[in-house]
Structure formats: C-alpha cells, structure tokens
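Report on the following structure.
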Amino acid sequence: MLLKIYGKGRPFRFFVGGLHGREWRDTSSVLMNLNMPFSGSLAVMPVVNRGKYISTLESGYYHGIGKAIVDVVEKYRPDIYVELHSYSKGNFCKLVSKDRVNKVGVPGFSSLEKGVLMGSVSPHIRREYFPVEALCLTFEIEKDNARSGEFAACILDVVKGCDSRDDFIEYMMKHYPEVAKKAIEDYKKFYGL
Ligand SMILES: [Zn+2]
C-alpha cells in the first residue's frame, strides 16, 4: 500500500482512508491533498484496501485486509491516528444513535458539520496497538457530498496541526464543546477511568 511520509520526528501522525470496498472513492482524494505539517511527521495511506467490504469492528479486519495499517503502527508508534471513512446518508441515524454502544459495542458518532461525523476507532486497533495517551479518531464523510469532503479536509488540517491529544481536545472544546464532552466521556468509559 502506498504510504507517503511528510516531515520528520515526533509527533508522528498517521492518517488512513479507503479502508474497505469502494470507500476510497470518497476518502482518498481528501488525504492525497494533505501536505507537510508545521512540526513532526505526517504519514498518509490514502487507500488501505479496495476489495471486499469487511467492517473494522470485525476482529479479523486488522489482521486481514487492514494489516498494512498495523504494520505502519508497529513501526512508527503514532501519537495521533485518524481513519477517514464514508457512509451513505441513509445510515446517518444508525451511526449517531445512542443505542449504537449496545448494538455494536462502540459509542455513536457525533455530528460536526456538512455531514461529517466524528467518533472513536475500532477497539480492535485502539486497545491492542495504542497507548492510552494516543489520540485516535474516526471521521465519516457523507458519500457523494463534495461539501462533506471539503469540511473533512479542514478538520484533518486541524488534526495535522495538533501535537497531542490535549491540543485537539482544546480545539474541540472551543469550537464544538458538546462533541468534545461526549468524546471525553466515551473515552473514559472505554478505559474505565
Ligand atoms: Zn469505512
């Protein structure tokens, strides 16, 4: 899988897109337009896998079609990790539902702007491969919505400019306080803090 690395040293940020099926069509160009961070490194994998659709919530994903992600994570130990996914408008309610935690074991997404959703990454990679202090995020772009992709690009630029989890929390508290509070609560529940 193509991996582009900009800059050098820490913090090390790793952004991935096109994780399964046809998702790359909506996510990869957003990642390919990113460039050099002000400090540290940014690694970008615009397409992880274009084959079969296997959910990242399935235990086999990161050992199978998503293994290229784990290889990079093990090699570089990212401080910040972002997955860029896409969803069909019809699934919006399911994705942001409070019930999601009971149904699929992960908290519902928060809605930002222009159909872009934010949430945590699959426990299969979060727990196994990242320390507690790492920042791990998923952004979901609404399929076939150019404005959603544009907004995701802006948010990724913000994450690219962050040096730590605290930097990002500070940004979120200022711009999306409700989303920030929910993210912190979900995170504490996840780690039993
Ligand atoms: Zn996806």
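Counting convention: from 1, in listed order, for ligands and their atoms alike.
- The N, O or S atom of H20 lying closest to the Zn ion (ligand 1) is NE2.
- If you look at H85 and ask which of its N, O or S atoms sits nearest the Zn ion (ligand 1), the answer is ND1.
- Taking the ring centre of F190 as origin, the terminal cationic atom of R127 falls inside the region bounded by 6.0 Å and 45° from the ring axis.
- P78 pairs with exactly one of Y129, F15, F130 by the side-chain contact (heavy atoms from CB on, under 4.5 Å) rule, that one being F130.
- By the neighbour-count criterion of 12 heavy atoms within 6.0 Å, atom CZ of R10 is densely surrounded, having more than that number from other residues, nucleotides or ligands.
- Within the 2.8 Å limit, E23 places at least one N, O or S atom next to the Zn ion (ligand 1).
- For an aromatic pair to be called close, the ring centres must be under 6.0 Å apart, and Y61 with H20 satisfies this.
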